[in-house]
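Residue numbers start at 1 and run along the sequence shown.
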Amino acid sequence: LDRLGADDRVGLVSLPYGTPRVEPTTDRVAIRNAIGTIAGASNRIRDPQMTPGEAAGIASGNTRALLAWWQRSSEASRCPGPLPSPREEATEVPAGCKVVAERALQQYRLHTRVVTDSLAALATAMAPLSGQKALVLVSEGLFNDLQSQPDVDRFAAAAERARVTLYALHLDAPLIEAATGQGNVTLTRALDDRVGFGGMADVAVAARGTAFRVVAQATRLLERIDTELSGYYLLSFERDADDRDDRRERIDVKVNRLGLDVRARREFTPEAGKPAATVAPKPVDARVAMG
């Protein structure tokens with residue numbers, strides 16, 4: 001906030017609840033006060049339900065993910081079928097465990113839809129604002145797979161129309177947490193970290209941004225985002241009148257200079273092309289025609 005210009009506007013919203021919420025403003029005190037009221041509410045690591053990393057692994061048949069769930073929650077009875085000791089890795093994931101994992105994934109997909117729809121609404125609301133516009137998503141992770149990708153694509157389309165860029169700051173959680181009061185969570189943390197960071201990266205890249213890991217402080221990363229937003233190239237392309245309309249097309253942007261990171265939208269929705277200009281025929285002189 002201290003690095004922003006006096007005319008730069010900043011808004012804040014906590015997802016998925018929507019509160020606190022501060023509309024874009026130049027009032028830095030209001031933003032600071034709202035930030036001070038935000039507290040994490042997730043008890044996922046203490047919940048016997050599978051975490052996103054566990055569920056994604058178990059659904060795909062990863063026995064290490066199944067072991068992570070057993071070590072953390074000791075809730076083997078929730079998984080139908082004969083099971084080995086929670087301290088031993090199974091030779092395969094029972095079918096009943098995959099069913100339980102898929103139920104958990106459905107909840108995480110719903111959470112992703114809520115978040116991406118909220119981001120799309122924010123981007124749409126920012127469309128009338130002039131100048132560079134960016135959303136910064138701060139989270140410990142977001143789940144994304146082929147079934148939730150359409151939700152990400154809808155947000156990407158909204159960000160494209162509003163010319164909004166999304167940057168994701170992934171908060172790295174400690175691998176060991178004494179407050180759980182339950183079993184070993186180290187393996188679960190590693191699984192959740194990989195899945196959660198991957199989902200945030202998917203959303204950021206879809207909106208011309210990128211994802212960063214926050215290990216200690218985010219100051220350096222915020223400075224990097226600020227630098228990227230301070231200058232950019234606006235590229236355009238020309239269409240033919242008979243090109244397809246309202247269908248997203250992939251466009252790759254490449255540069256000759258080595259060592260550069262290119263931030264560009266991967267897909268665009270071309271607008272309708274202008275009809276080809278028709279040349280009116282010259283009037284024929286009747287006297288010349290009769291001569």
Visitor: Would you please name every residue forming a salt bridge (charged side-chain N to carboxylate O under 4.0 Å, His left out) with Arg208, sequence neighbours left out?
Guide: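 Scan of Arg208 (salt bridge (charged side-chain N to carboxylate O under 4.0 Å, His left out), adjacent residues dropped) gives none.
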Visitor: Could you tell me which non-hydrogen atom of Ala34 sits nearest to which non-hydrogen atom of Pro20, and how far apart they are?
Guide: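 Scanning both residues, the minimum pair turns out to be O-CG, 3.7 Å.
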Visitor: In sequence, state the C-alpha distance, the side-chain angles, and the governing distance for Phe143 and His111, and then conclude on side chain to side chain contact (heavy atoms under 4.5 Å, CB included).
Guide: CA-CA 8 Å; Phe143 178 76; His111 175 262; over 6 Å; no
Visitor: Which residue pairs satisfy the side chain to side chain donor-acceptor pair (under 3.5 Å) criterion with at least one member in residues 27-38, sequence neighbours excluded?
Guide: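 Every pair satisfying side chain to side chain donor-acceptor pair (under 3.5 Å) with a residue in residues 27-38: Asp2-Arg32.
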Visitor: With respect to Val214, which candidate in Leu221, Val138, Thr219, Asp172 satisfies the side-chain contact (heavy atoms from CB on, under 4.5 Å) definition?
Guide: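 Output: one option passes, namely Leu221.
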Visitor: Report the hydrophobic cluster partners of Ile38, with the cluster defined as I, L, V, M, F, W, Y residues connected by side-chain heavy atoms closer than 4.5 angstrom, directly or transitively.
Guide: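 Other cluster members: Leu1, Leu4, Val10, Leu12, Val22, Ile31, Ile35.
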Visitor: Sequence neighbours left out, what passes salt bridge (charged side-chain N to carboxylate O under 4.0 Å, His left out) with Asp7? Give chain and number order.
Guide: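 Applying salt bridge (charged side-chain N to carboxylate O under 4.0 Å, His left out) to Asp7 gives none.
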Visitor: Minimum heavy-atom separation for Ile58 and Ala101, please, with both atom names.
Guide: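 Shortest heavy-atom contact: CG2-CB, 3.8 Å.
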Visitor: Do Tyr108 and Phe197 belong together in a cluster built from hydrophobic side chains that touch within less than 4.5 Å?
Guide: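 Different hydrophobic clusters.
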Visitor: Given the rule in the salt bridge (charged side-chain N to carboxylate O under 4.0 Å, His left out) test, do Glu92 and Lys98 qualify, once you have shown the distances and angles that lead to the verdict?
Guide: CA-CA 11 Å; Glu92 64 178 4; Lys98 293 183 179 180; over 6 Å; no
Visitor: Using the test side-chain contact (heavy atoms from CB on, under 4.5 Å), find all partners of Asp261 that sit at least two apart in sequence or belong to another chain.
Guide: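 Applying side-chain contact (heavy atoms from CB on, under 4.5 Å) to Asp261 gives Arg224, Arg263.
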Visitor: Could you list who else is in Met200's hydrophobic cluster, with ILVMFWY side chains joined at under 4.5 Å, directly or through other members?
Guide: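 Hydrophobic cluster check, Met200: joined to Val13, Leu15, Val115, Leu119, Leu122, Met126, Leu129, Leu135, Leu137, Leu142, Val152, Phe155, Val164, Leu166, Val203.
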Visitor: Please report the C-alpha distance between Arg154 and Asp151 in whole Å, then the side-chain angles of each, then the deciding distance to 0.1 Å, and finally whether the side chain to side chain contact (heavy atoms under 4.5 Å, CB included) criterion is met.
Guide: CA-CA 5 Å; Arg154 284 198 303 273; Asp151 300 319; 2.3 Å; yes
Visitor: Are Arg109 and Gln106 close enough that a side-chain donor and a side-chain acceptor fall under 3.5 Å?
Guide: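 There is such a pair (donor and acceptor under 3.5 Å, judged by atom type) between the side chains of Arg109 and Gln106.
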Visitor: How many angstroms lie between OG1 in Thr210 and CD in Glu228, if you round to the nearest 0.5 Å?
Guide: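 Answer for the OG1-CD pair, Thr210 versus Glu228, is 7.5 Å.
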Visitor: Just so I know, are the side chains of Leu169 and Leu222 near enough to count as touching, which here means a heavy-atom distance under 4.5 Å?
Guide: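 Contact flag for Leu169/Leu222 side chains = yes.
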Visitor: Give me the atom names and distance for the closest heavy-atom approach of Leu66 to Cys97.
Guide: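 Looking at all heavy atoms of both residues, the shortest contact is CD1-SG, 3.9 Å.
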Visitor: Would you please test Asp193 and His170 for side chain to side chain contact (heavy atoms under 4.5 Å, CB included) and show each step?
Guide: CA-CA 9 Å; Asp193 179 82; His170 180 271; 3.2 Å; yes
Visitor: With sequence neighbours excluded, tell me which residues meet salt bridge (charged side-chain N to carboxylate O under 4.0 Å, His left out) with Arg21.
Guide: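 Here the qualifying residues are Glu23.
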Visitor: Please, which pairs that meet salt bridge (Lys or Arg N to Asp or Glu O under 4.0 Å) have at least one residue in residues 124-139, sequence neighbours excluded?
Guide: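 Sorted result for residues 124-139: empty, none.
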Visitor: Give the other cluster members for Val205, using side-chain heavy-atom distances under 4.5 Å between Ile, Leu, Val, Met, Phe, Trp and Tyr residues; answer none if it is isolated.
Guide: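 So far as hydrophobic clustering goes, Val205 is joined with none.
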Visitor: Hey, does Thr26 have a side-chain heavy atom less than 4.5 Å from the side chain of Arg9?
Guide: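 In contact.
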Visitor: For Thr63, what residues pass the side-chain contact (heavy atoms from CB on, under 4.5 Å) criterion, not counting sequence neighbours?
Guide: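 So Thr63 forms a side-chain contact (heavy atoms from CB on, under 4.5 Å) with Glu89, Val93.
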Visitor: Ignoring hydrogens, what is the shortest heavy-atom contact between Pro52 and Leu105? Give both atom names and the distance.
Guide: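 Looking at all heavy atoms of both residues, the shortest contact is O-CD2, 4.3 Å.
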Visitor: What closest approach, in Å, do Ala123 and Ala162 show between heavy atoms, and which atom pair accounts for it?
Guide: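 Closest pair (atom of Ala123, atom of Ala162, distance): O-CB, 3.1 Å.
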Visitor: How does the hydrophobic cluster around Leu258 look, that is, which other residues are in it when side-chain heavy atoms under 4.5 Å mark a link?
Guide: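 When side chains under 4.5 Å apart are linked, Leu258 ends up in no cluster with other residues.
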Visitor: Which pair of heavy atoms, one from Val114 and one from Pro16, lies closest together, and at what distance?
Guide: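 That would be CG1-CB, 3.7 Å.
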Visitor: So, using side-chain contact (heavy atoms from CB on, under 4.5 Å) as the criterion, who are the partners of Asp153 when residues are at least two apart?
Guide: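 Partners of Asp153 by the side-chain contact (heavy atoms from CB on, under 4.5 Å) criterion, ordered by chain and then number, come out as Gln149.
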Visitor: When rounded to the nearest 0.5 angstrom, what distance separates CG in Asp8 from OG1 in Thr25?
Guide: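 Separation between the atoms: 12.0 Å.
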Visitor: Step by step, work out the side chain to side chain contact (heavy atoms under 4.5 Å, CB included) result for Glu54 and Gln49.
Guide: CA-CA 9 Å; Glu54 292 169 348; Gln49 177 178 277; over 6 Å; no
